[in-house]
Amino acid sequence: MPKITLPDGSAREYENPVTVMEVAESIGPGLAKATLAGRVDGKLVDSSTVLSADADLAIITERDGDGLEVIRHSCAHLMAQAVQRLFPKAQVTIGPVVEDGFFYDFAFSRAFTPEDLQAIEKVMGDIVKENLTVERSIMSRSDAVTMFKEMGEEYKVQIIESIPGDEDLSFYRQGDFIDLCRGPHVPSTGAFKAFKLTSVAGAYWRGDASNEMLQRIHGTAWGSKKDLKLFLQRLEEAEKRDHRKLGKHLDLFHFQEEAPGMAFWHPKGWSIYQTVQRYMRKVQDEHNYKEINTPQLVDYSLWEKSGHASKFSDEMFSVESENRMYAIKPMNCPCHIQVFNQGLKSYRDLPLRLAEFGSCHRYEPSGSMHGLMRVRSFVQDDGHIFCTEEQIQAEVADFMAMLFAVYKDFGFDEVILRLSTRPEKRVGSDEVWDKSEQSLKDALNATGLPWELVPGEGAFYGPKIECSLKDCMGRVQQCGTIQVDFSTPGRLGAHYVAEDSSKKEPVMLHRAVLGSFERFLGILIEHYAGAMPTWLAPEQVVILNITDKQGDYCLNFEESLKNKGFRVSTDLRNEKIGFKIREHTLQRIPYLAVVGDKEVESGTVAVRKRGGEDLGTMTFDDFCTLLSQDVARFGRSEQLDNS
RNA sequence: GCUCGCAUAGCUCAGGCGGUAGAGCACUUCAUUGGUAAUGAAGAGGUCCCCGGUUCAACUCCGGGUGUGAGCACCA
């Protein structure tokens with residue numbers, strides 16, 4: 001006589017063991033219809049699961065986050081079934097749930113085409129109409145291997161053989177399709193309401209580039225047609241914001257064949273870049289960093305000493321000149337240590353914070369490049385703090401505070417923190433690792449924010465914190481980092497004289513707030529959809545005349561604004577005012593100042609924001625005040641208007 | 001680097017189952033001097049990514065290269 005307790009605290013008693021679905025039916029037919037799975041005592045199960053003892057039960061529907069997972073996972077099976085109906089020779093491999101959808105990898109003699117995808121989607125629809133029951137079953141490993149061997153599913157055999165342990169395996173069957181799977185799954189193939197196959201591409205078997213390539217089909221699935229539509233709209237919105245598109249449209253930068261992965265910055269893009277750089281310079285100055293600059297070409301021997309050559313020589317550009325081999329620097333740390341090494345350092349000099357807007361070049365694999373997000377030539381807002389072990393925590397805390405303030409100014413309020421700790425292959429004693437990991441933990445706890453522990457993902461030379469931000473599309477972008485390094489300073493001969501006159505190696509903290517300017521600008525462009533806040537906008541104001549008569553007045557006004565430090569231009573073209581407003585609005589100019597006879601007469605301008613808001617006429621002084629206030633609030637979102 | 005796709009005017013894109021190409025916007029000129037998201041007219045603009053091959057003939061077909069897109073792999 002199981003007593004089933006529901007999430008609202010109500011309990012129901014049943015004469016005999018019941019399935020999750022039967023409980024749902026006893027509550028109401030509407031719920032039964034919507035039932036996808038159940039959560040019994042916190043564990044996700046199929047709706048066919050029998051409850052014979054007392055249990056806490058939550059009925060999972062599409063509204064539940066887990067319900068969506070069940071739908072997507074089941075949809076992967078649905079797709080695999082459709083693929084095998086159309087292409088019986090295609091072998092199934094794996095088909096997990098990913099963010100917003102799922103994929104399934106197939107081994108097939110050729111690549112699937114977009115036409116194939118349409119056909120597969122159609123067959124998926126047919127299978128939904130057939131409303132096949134999804135049945136769970138248990139099989140021994142040996143039976144399962146025999147079955148898949150008979151079916152010619154070599155990959156499934158491999159998967160089973162790689163699952164440790166001897167326990168029986170669960171299978172899900174729908175019609176003629178059966179797949180090894182932990183589940184849970186939807187009760188029947190009629191449960192799908194909204195799905196779409198989105199793309200097809202190659203993917204390596206088991207994620208290993210030395211293995212053969214499979215055909216991966218991506219799809220998305222939702223609880224309702226409306227949700228699917230919203231998702232597709234989100235994709236469209238993301239496409240509109242694509243920084244590569246906006247970079248062209250707003251004349252910010254370009255790429256060309258002769259310099260793959262290296263941006264040509266145009267005046268407007270470079271203006272944003274420089275504004276960001278000036279800002280970072282000021283912030284770092286306030287945090288007592290000393291800015292330096294180090295060579296682009298450094299003899300290869302330094303990279304051998306630092307250990308980079310042995311690990312990354314394939315990804316380094318090198319230059320030969322007069323029988324000497326140089327590398328174009330792929331990173332700044334060895335150079336910063338050279339600066340540290342000049343002159344004898346005392347413990348009194350620590351912490352020493354060196355910063356460089358360091359231009360780096362890396363030969364990134366051709367297929368990995370992506371607009372500004374991954375380039376071969378980039379500038380890091382790089383910094384290295386030389387300090388003692390005792391100083392680590394305070395330095396990390398200062399860095400975190402700086403990072404939060406910077407991200408806020410750029411309009412990013414949500415920061416996601418991760419701590420990566422000691423990997424198996426590492427240098428340094430456990431004692432030192434303990435201490436530095438603890439310092440990072442303390443610094444993270446001091447932020448009062450949640451953080452995630454990623455064991456074993458630290459660098460070989462020390463643990464690190466990674467700071468990601470969330471843009472307005474909800475996408476997570478890793479930008480900032482601070483890493484503890486016990487190894488490199490010693491390798492490159494850095495030391496200082498301690499209080500007791502002994503010679504000690506400093507700890508080096510590698511840190512960056514933005515990461516690379518290129519990537520960060522890409523993120524900013526997409527975050528703001530090109531409509532940069534006034535402080536960043538390459539052109540803050542465009543003055544527009546209505547007829548030729550106001551030309552001189554406009555130019556004088558422009559000159560006065562420029563003298564106040566604003567970025568202004570004047571559009572005196574012989575075009576209608578509506579045309580000019582349209583054009584500059586499309587160029588995302590924050591403020592348009594319109595001048596006609598009335599304004600000339602009253603010594604004012606008529607101000608319009610790019611969102612269309614009419615601020616009315618105002619004097620030069622009032623306009624300056626308005627602009628100054630807008631610039632001063634940076635991109636902080638609490639005051640961000642959506643114009 | 002791997003799989004598949006793509007490469008035509010400054011931009012966004014049409015086009016032809018082999019006979020050297022077109023639109024819209026932008027640009028130039030002329031007219032127009034207009035009050036808050038497109039004034040009208042005319043003109044100019046292309047080695048159809050590069051190198052080979054097939055062919056009487058290649059922008060089109062084939063091979064190779066480069067760049068680029070999606071994904072995978074990589075990312076100090």
Side-chain angles (χ1 to χ4, degrees), chain A residues 98 103 105 108 110-114 116 198-218 239 242 244-245 248-249 251 254-261 303 306-316 329-334 360 362-371 373-376 378 380 382 459-461 464 478 481 483 485 488 510 512 515-516 519 544-551 572-587 592-599 606-617:
Chain A
V98 291
F103 66 77
D105 286 350
F108 194 46
R110 64 169 176 85
F112 294 117
T113 64
D116 292 335
T198 47
S199 68
V200 58
Y204 298 109
W205 166 234
R206 299 212 145 145
D208 185 337
S210 59
N211 287 341
E212 65 273 30
M213 191 156 266
L214 307 171
Q215 296 299 318
R216 174 169 299 179
I217 303 180
H218 277 271
E239 211 178 307
D242 190 316
R244 294 166 296 188
K245 218 173 235 184
K248 214 176 259 176
H249 178 235
D251 195 17
H254 84 270
F255 288 93
Q256 66 185 50
E257 268 188 74
E258 289 80 355
W303 306 105
S306 71
H308 292 103
S310 63
K311 213 173 164 194
F312 296 108
S313 62
D314 286 350
E315 284 89 59
M316 282 160 63
K329 74 173 167 182
M331 57 183 334
N332 306 298
C333 355
C360 297
R362 296 179 186 172
Y363 189 82
E364 301 287 0
S366 57
S368 69
M369 285 178 314
H370 180 92
M373 299 302 191
R374 182 99 177 255
V375 283
R376 287 188 175 153
F378 56 95
Q380 294 176 317
D382 207 356
F460 70 93
Y461 48 69
K464 64 178 175 185
Q478 205 240 298
T481 181
Q483 315 183 353
D485 185 350
T488 318
H510 305 248
S516 98
R519 200 174 111 80
L544 312 174
N545 63 331
I546 287 180
T547 72
D548 287 346
K549 276 184 281 178
Q550 302 94 33
L572 297 180
R573 287 177 305 168
N574 175 13
E575 296 288 353
K576 288 192 168 179
I577 192 68
F579 176 87
K580 291 201 263 193
I581 283 174
R582 177 183 154 79
E583 232 179 38
H584 294 109
T585 302
L586 289 174
Q587 284 295 308
L592 300 181
V594 177
V595 177
D597 285 339
K598 279 185 274 176
E599 286 74 22
V607 180
R608 179 195 159 105
K609 295 179 82 171
R610 67 184 152 206
E613 191 188 346
D614 183 1
L615 300 183
T617 56

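Side-chain atoms are counted along with the backbone in the values below, which use heavy atoms only and exclude waters and symmetry mates. So you know, we letter chains A, B, ... as the sequences are listed, proteins then strands, and number each from 1.
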Which nucleotide, in any strand shown, forms a Watson-Crick or G-U wobble pair with [N], with both distances under 3.5 Å?
N	value
B:rG52	B:rC62
B:rA76	none
B:rG69	B:rC4
B:rU28	B:rA42
B:rA57	none
B:rU33	none
B:rA9	none

Whole angstrom value for the distance that separates [atom2] of [N] from [atom1] of [X]:
X	N	atom1	atom2	answer
A:Phe112	B:rG5	CZ	C1'	16 Å
A:His584	B:rU36	NE2	P	17 Å
A:Lys580	B:rU39	NZ	P	11 Å
A:Asp116	B:rU3	CG	C1'	15 Å
A:Glu257	B:rC50	CD	P	10 Å
A:Ile581	B:rU39	CD1	P	11 Å
A:Ile217	B:rU3	CD1	P	18 Å
A:His254	B:rG67	NE2	P	15 Å

Are A:Ile217 and A:Phe112 side-chain neighbours, meaning at least one heavy-atom pair lies under 4.5 Å?
->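 A:Ile217 vs A:Phe112: side chains touch.
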
Report yes if the side chains of A:Gln550 and A:Lys598 come closer than 4.5 Å at any heavy-atom pair, otherwise no.
->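 No, too far: nothing below the 4.5 Å cut-off.
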
[X] near the nucleic acid: base, sugar-phosphate alone, or nothing, with a heavy-atom cut-off under 4.0 Å?
X	result
A:Gly596	base
A:Ile577	sugar-phosphate
A:Ala459	nothing
A:Leu544	nothing
A:Asp597	base
A:Glu599	base

Expressed in whole Å, how much space separates the [atom1] atoms belonging to [N] and [M]?
N	M	atom1	answer
B:rA37	B:rA41	P	22 Å
B:rA38	B:rA26	C1'	13 Å
B:rC51	B:rU60	P	12 Å
B:rC4	B:rA42	P	49 Å
B:rC74	B:rA57	P	50 Å
B:rG18	B:rU55	P	16 Å
B:rG46	B:rG15	C1'	14 Å
B:rU8	B:rG67	C1'	16 Å

With B for base contact, S for sugar-phosphate-only contact and - for none (protein heavy atoms under 4.0 Å), nucleotides 68-76 of chain B reads SSBBBBBBB

Quick tally for nucleotides 23-31 of chain B: nucleotides whose base has a protein heavy atom under 4.0 Å get B, sugar-phosphate-only ones S, the rest -, giving ---S-----

Should A:Lys248 be listed as having a side-chain N or O under 4.0 Å from OP1 or OP2 of B:rU12?
->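 For B:rU12, OP1 or OP2 has a side-chain N or O of A:Lys248 closer than 4.0 Å.
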
Looking only at side-chain N and O atoms, does A:Arg610 come under 4.0 Å of OP1 or OP2 in B:rA37?
->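 It does not, given that no N or O in the side chain of A:Arg610 lies less than 4.0 Å from OP1 or OP2 of B:rA37.
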
Earlier contact from the 5' end, RNA chain B, for A:Arg608 and A:Gln215 =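 Between the two, 5'-proximity favours A:Gln215.
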
Between the main-chain N or O of [Y] and the side-chain N or O of [X], is there a donor-acceptor pair closer than 3.5 Å?
X	Y	answer
A:Arg362	A:Pro330	yes
A:Ser368	A:Glu364	no
A:Thr585	A:Arg610	no
A:Ser313	A:Ser310	no

Nearest 0.5 Å, please: how far is [atom2] in [Y] from [atom1] in [X]?
X	Y	atom1	atom2	answer
A:His308	A:Lys329	NE2	NZ	12.5 Å
A:Arg206	A:Asn211	CZ	CG	8.0 Å
A:Glu575	A:Ile546	CD	CD1	14.0 Å

Show your working on side chain to side chain contact (heavy atoms under 4.5 Å, CB included) between A:Ser366 and A:Arg376 and close with a plain yes or no.
-> CA-CA 9 Å; A:Ser366 57; A:Arg376 287 188 175 153; 4.0 Å; yes

Electrostatic pair A:Glu239-A:Arg244, nearest N-O below 4.0 angstrom |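 No, this pair does not count.
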
Ignoring hydrogens and angles, does a donor from either the side chain of A:Asp548 or the base of B:rU33 sit under 3.5 Å from an acceptor on the other?
->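 Yes.
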
Are A:Asp105 and A:Gln215 close enough that a side-chain donor and a side-chain acceptor fall under 3.5 Å?
->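 No - no donor-acceptor pair under 3.5 Å links their side chains.
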
